[in-house]
Structure formats: structure tokens, C-alpha cells
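What you see below is based on every heavy atom in this structure, not just the backbone, and it leaves out hydrogens, waters and symmetry mates.
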Amino acid sequence: MTQVRVRFAPSPTGFLHIGGVRTALFNWLFARQQKGVFILRIEDTDQSRSTDESIQAIIDGMKWVGLDWDEGPYRQTERMDLYRSHAMQLLERGDAYWCACTAEELDARRKEAEAKGLSQKYDGRCRDRGLTNPAGDAALRFKAPQEGETVVDDLIKGKIVFDNAVQDDLIILRSNGYPTYNFSVVVDDALMNITHVVRGDDHLTNTPRQVPIFQALGFSAPQFGHLPMILGSDKARLSKRHGATSIMAYKDMGYLPDAMVNYLVRLGWSHGDQELFTREELIEKFSWKHVQTSAAVFNPEKLLWVNAEYIKIIPPAQVAQALVPLLEAAGLKDEVQIVSADWLAQLVILVKERAKTLMEMVEWVRPYFGQSVICDEAAAKKFLTPAMAPILSKLLARFEAFPSFSKQPWEEAFKQMVEEEGMKMGQLAQPVRVALTGRTASPGLFDVMEILGRDRTLLRLRQGVERASG
RNA sequence: GUCCCCAUCGUCUAGCCUGGCCUAGGACAUUGCCCUUUCAAGGCAGUAACACGGGUUCAAAUCCCGUUGGGGACACCA
């Protein structure tokens, strides 16, 4: 058994998006399961579109979702000699030829063919001209076999047969000397000993173009696997129209990387009825057999649910840690600094069942920082009424009698007062909640008091009484 | 236009390979109820799908053919 070697090979022409992450993820899972090697390779042979910022964005994105690579990042622009020397091999063997047609001419002919409803294939006019390239401005074309069939046994789709007669003589070296995609991938996949090429469905028709190049170069082709596409809610290919597509945008929106991974892997793969998996489980249970053959619609609501599940499952201290940067960004930098990690973890426990994202959690948690509270006007108007003032004042007095906070006695005192006043629980609880948190919705009252501590509880209650009286 | 892929609830999917256990299961969303100091969470229940047409077979969601529909590819982009 040779060792599994897979790669993720994005082109640095923009940020790392959802689809790319999923492709990377399937490769990574397979590599980890097979104790293989996962390679990151940057396909930057398109000079005009590749940027260094994009490369950094890819690296940042991969790191955030925790997809670590064993080799690379390789950059194709650093491997130019390899492509050129292999292209020359093909030329020498008669498997490639120089083509003097200019891009403009080709474009014009293609448009004409399209207008007439004919094949848009290259007409092969330079194929047998035996041209040389003295001026250095010709492009090199691969002489694609025109007879027989190319059969691909896809890991996901099964056996697919392509007629060689429809294959084009692809340009493998541009007139500027740079290789094109279909050639550089082959050279790299061959030279890097890639055993399994797993990529998006959109590359399916590239496979019969690439297989003959492997063969002409004297390499055996790797195994191929084509992942179905991810679609937007309108069933069109996922794009900016469907909201944030950069993976890092999800970080900013308060998604947990593990939740992202869990959602994405379930989008196109399943293990019976199981919805939630640890990474270890994913690595253990992953199999090509259960990868879906059809495209899947990206469903933000389910992602939200998965994220909420992770917020509940993950150790609170860990959630707290991920929350800190968002708190700082929300203007709570000073407040966060003076607070202990333990206290923050406790706070997370209070709100983790209410927040579906870290972003929402920031809002849930905001009232528990600072001495006083910022009170919602409508809430105050409704619950901190003059009529409530004496009752709240009475409650305050009872609480003040306790030298320290303790849940049970405080709760008993509270309930006793409700009874004495002939009130319903909610009639007293809501005004107190507003006084303590400034809002009508919060975690359990006594949990709130516990997190605030005796002093702040009393302070806020006192301020609530004032407000109600005023 | 040519070539390729795909088709189960609104969405993600189980089942399909190896036909009967499918009166088609789970999850998200949605609706109702319960729980309840608020908001959540949780529990219970409900609505909801085998694209269509032909075969093959005692028997088809499952196998075969066709139709329709969706997607992808056809660049000196990747």
C-alpha cells in the first residue's frame, strides 16, 4: 500500500470561500484517516488575477477552521522550470506542437462557431504544420488523442466514459511562457505523487483533458473524486449574493470553527442519522461511499443550529476564550480586562443556551459588565413604575440583611415576599430583572444575582428603586 | 449548440449497490401543546417527499430505458 497523498489547490484570486473549505475538508479528513499527507498548493499561474493578499486569506482561513497541512504551501510560480521542461518533453516526443494562432483570432473563430451553432473546439489548423517558435510568441498545444475513450473511475460518481473525439488540443504553455491550469496541475500532481485528486464537480470535464497528459508524460493517473457543488437557496451556484462567502466572515459573525466544519461535512456526506460529530469521529467515520452525488443547497439556518449546539457542548472556558475578541470589538475592552477567566466562563454558562452565535452572546452578556446598568426605556417604563417602588425597596432591605450572596436563602426570601404581597412570581420577577439587567429577558434571576455578586445586585436594585420612584 | 453530472419532505439527508423488513426514517425550519420568574433551552405531537412515463419482476424509492427538470464544462481562468 502506498501512502495516501492528497492536496488542496486553490487559486489565489479572492478569499477562501465555503466551497473551497469543504473541498479542503474532505481531502484533509481522508488524509488524516489514511495516515496520509495533506498538501497545500497555491495555483497562481494566472499572473493577472493572483494576489498575495489572497494567499494570506487562504492560509488564515485554513488555520481558522483547523485544517493543517503537512507540505506546502507550494506556489506554482516557483515551479516554472518544471512545467517548461515537461512541456518540452512532450514537444520532443511529438505529443505537443507550436500554435501560431493569436488569442484574438481564436476568439473570433470561437464566436463565429458559436453563432453557427457549431462545435467551439480548436480547429487544429496548426496541428500538423511542424512550426517552430523562433520569435518566442507561439503557444504550445497538447496533441490530444482523438480516438477511443477515456474512462474515469470516480471515487464518488463511479465510472464515467468520455469520447476522445470531442477533446480539444489544449494550450499547455501560453505565448508568455506560463503554463495553463490543465498542464500545471498534471505536472504537479504527478511530481508530488498525489494519489487521490479530490476537487469540485466543476472539474469533472477537466479530467478527460488531464488523463491523456499524465499518460503522455509517462505517469500513471491518480484516482479522482468529484465533490458535488454547493448551491445557494435559489439553487444557483453559491456566490456573494447569498450572503457572506468568505470563511472569515463567519468567524466575525460569531461562528465556531468546529461548528463550521461539522455543518460543511454534513453538507454532502452522512453517517446514518448522526448530525453532530467530533473531529476524531469525522476522521474515523468518513468514507467516500457516503458522499452525496448531487449538489446541496447551503442552509444558513441549519448552520446556525449546529453552531448553537456547539456553543452548548464545548467547554465554557473555551467558548469564553473565543468570545473575548468579540467583546473587545464591541467596546468592552476595559471591562473584559478586569474580569477573571473563571467568571467569564461562568457567564458563558448563563447565556450559552440563549445564544446561537458568539455575536449574539456578546449582546446577552453585555449587561453583566460594569457597575450600573444601561436600561431599556420601554422595559423601565413598563416595570419600574411608582407602584413598584415600595415593594422593590422592601425587597432591597431584605437582601441587604444578608451579609453575602447565597442562592438558596435569597431565593427563599424573594419567594416569601411574593407570597406576603399576594403577588405572582412574575409580577415581582420582571421589575427586578429590569433593575438588574436593564432588560425584560435574561437568565434565571438568581443566576443573574450570583454572577453580579452581592454588591452590584444591591446597587442595581437601589438604582431601580430610584428610577421607579422618579 | 456539443459533452458530462445529477434527481427522496421547503432544506440537509437515511434507505438504492446486495429489490420484499418502507404504512419511506432522522435532522433543520415550521405549527400546536407541555415545562416556566422573562427569554431561551428542553420534552411531546403535527404538517410535509420517492420528478414523470414505460419496462423487468410474484414484488421497484431501490434494476433498465426514455422524457422532463436542474447543474457543470466547452478560454493563452483556475
What is the distance, to the nearest angstrom, from the [atom1] atom on [X] to the [atom2] atom on [N]?
{"X": "A/Y263", "N": "B/U13", "atom1": "OH", "atom2": "P", "value": "8 Å"}
{"X": "A/I58", "N": "B/A78", "atom1": "CD1", "atom2": "P", "value": "14 Å"}
{"X": "A/H203", "N": "B/C3", "atom1": "NE2", "atom2": "C1'", "value": "17 Å"}
{"X": "A/K352", "N": "B/A40", "atom1": "NZ", "atom2": "P", "value": "19 Å"}
{"X": "A/W305", "N": "B/A41", "atom1": "CH2", "atom2": "C1'", "value": "13 Å"}
{"X": "A/F383", "N": "B/C39", "atom1": "CZ", "atom2": "P", "value": "10 Å"}
{"X": "A/K289", "N": "B/U18", "atom1": "NZ", "atom2": "P", "value": "10 Å"}
{"X": "A/I160", "N": "B/A73", "atom1": "CD1", "atom2": "C1'", "value": "13 Å"}

[atom1]-based separation of [M] from [N] [nearest Å]:
{"N": "B/C52", "M": "B/A60", "atom1": "C1'", "value": "16 Å"}
{"N": "B/U62", "M": "B/U56", "atom1": "P", "value": "15 Å"}
{"N": "B/U8", "M": "B/U13", "atom1": "C1'", "value": "9 Å"}
{"N": "B/C50", "M": "B/A7", "atom1": "P", "value": "16 Å"}

Find the partner of [N]: check Watson-Crick (N1-N3 plus N6-O4 or O6-N4) and G-U wobble (N1-O2, O6-N3) distances, both under 3.5 Å, and reply none if neither fits.
{"N": "B/U57", "value": "none"}
{"N": "B/C39", "value": "none"}
{"N": "B/A45", "value": "B/U31"}
{"N": "B/C22", "value": "none"}
{"N": "B/C3", "value": "B/G72"}

Side-chain donor-acceptor pair present, A/D169, A/Y97, cut-off under 3.5 Å
yes
Determine whether A/W98 and A/S175 satisfy the following criterion, side-chain contact (heavy atoms from CB on, under 4.5 Å), listing intermediate values before the conclusion.
CA-CA 10 Å; A/W98 293 110; A/S175 51; over 6 Å; no
Nucleic acid contacts of residues 433-445 of chain A, taken as heavy-atom distances under 4.0 Å to RNA chain B:
A/R433, A/T440, A/A441, A/S442, A/P443, A/G444, A/L445
Side chain of [X]: nearest nucleotide among [options]?
{"X": "A/R209", "options": "B/U37, B/C76, B/C74", "answer": "B/C74"}
{"X": "A/W364", "options": "B/A73, B/C39, B/A40", "answer": "B/C39"}
{"X": "A/S294", "options": "B/A78, B/A7, B/A40", "answer": "B/A7"}
{"X": "A/R354", "options": "B/A78, B/C39, B/C76", "answer": "B/C39"}
{"X": "A/N299", "options": "B/G72, B/C6, B/U11", "answer": "B/U11"}
{"X": "A/K157", "options": "B/C5, B/A7, B/G26", "answer": "B/C5"}
{"X": "A/E309", "options": "B/C12, B/G42, B/C76", "answer": "B/G42"}
{"X": "A/L204", "options": "B/A7, B/C5, B/A73", "answer": "B/C5"}
{"X": "A/F162", "options": "B/G42, B/A73, B/C4", "answer": "B/C4"}
{"X": "A/S270", "options": "B/U37, B/A14, B/A78", "answer": "B/A14"}

Please identify which of these residues, A/W410, A/F414, A/F399, meets the ring-ring contact (aromatic ring centres under 6.0 Å, His included) condition with A/F446.
A/F414
Using the ring-ring contact (aromatic ring centres under 6.0 Å, His included) definition, which of the options A/W305, A/F298, A/Y250, A/Y310 pairs with A/Y263?
A/F298
Give one of base, sugar-phosphate or nothing for [X], where a contact means two heavy atoms less than 4.0 Å apart.
{"X": "A/K116", "result": "nothing"}
{"X": "A/E43", "result": "sugar-phosphate"}
{"X": "A/Q292", "result": "sugar-phosphate"}
{"X": "A/A296", "result": "sugar-phosphate"}
{"X": "A/C99", "result": "nothing"}
{"X": "A/I171", "result": "base"}
{"X": "A/T102", "result": "base"}
{"X": "A/R199", "result": "nothing"}
{"X": "A/T205", "result": "base"}
{"X": "A/Q120", "result": "base"}
{"X": "A/K356", "result": "sugar-phosphate"}
{"X": "A/H290", "result": "sugar-phosphate"}
{"X": "A/N206", "result": "base"}

Does a side-chain N or O from [X] land closer than 4.0 Å to OP1 or OP2 of [N], or not?
{"X": "A/K121", "N": "B/G1", "answer": "no"}
{"X": "A/R110", "N": "B/C76", "answer": "yes"}
{"X": "A/R266", "N": "B/A14", "answer": "no"}

State whether the distance check finds a donor on one side and an acceptor on the other, under 3.5 Å, for side chain [X] versus base [N].
{"X": "A/E353", "N": "B/G42", "value": "no"}
{"X": "A/D201", "N": "B/G72", "value": "no"}
{"X": "A/T180", "N": "B/C76", "value": "no"}

Is the ring pair A/H203/A/Y181 parallel, tilted or perpendicular, if the boundaries are 30 and 60 degrees?
tilted
Side chains of [X] and [Y]: does their closest heavy-atom pair fall under 4.5 Å?
{"X": "A/H271", "Y": "A/H290", "answer": "no"}
{"X": "A/K415", "Y": "A/M425", "answer": "yes"}
{"X": "A/L170", "Y": "A/R141", "answer": "no"}
{"X": "A/Q210", "Y": "A/Q215", "answer": "no"}
{"X": "A/W288", "Y": "A/V198", "answer": "yes"}

Between A/F286 and A/W28, ring centroids under 6.0 Å
no
A/V65: which of A/D258, A/L264, A/V21 passes side-chain contact (heavy atoms from CB on, under 4.5 Å):
A/V21
For RNA chain B, whose closest nucleotide is more 5', that of A/A429 or that of A/V297?
A/V297
Which is more 5' along RNA chain B, the nucleotide nearest A/E275 or the one nearest A/P179? Just name the residue.
A/E275
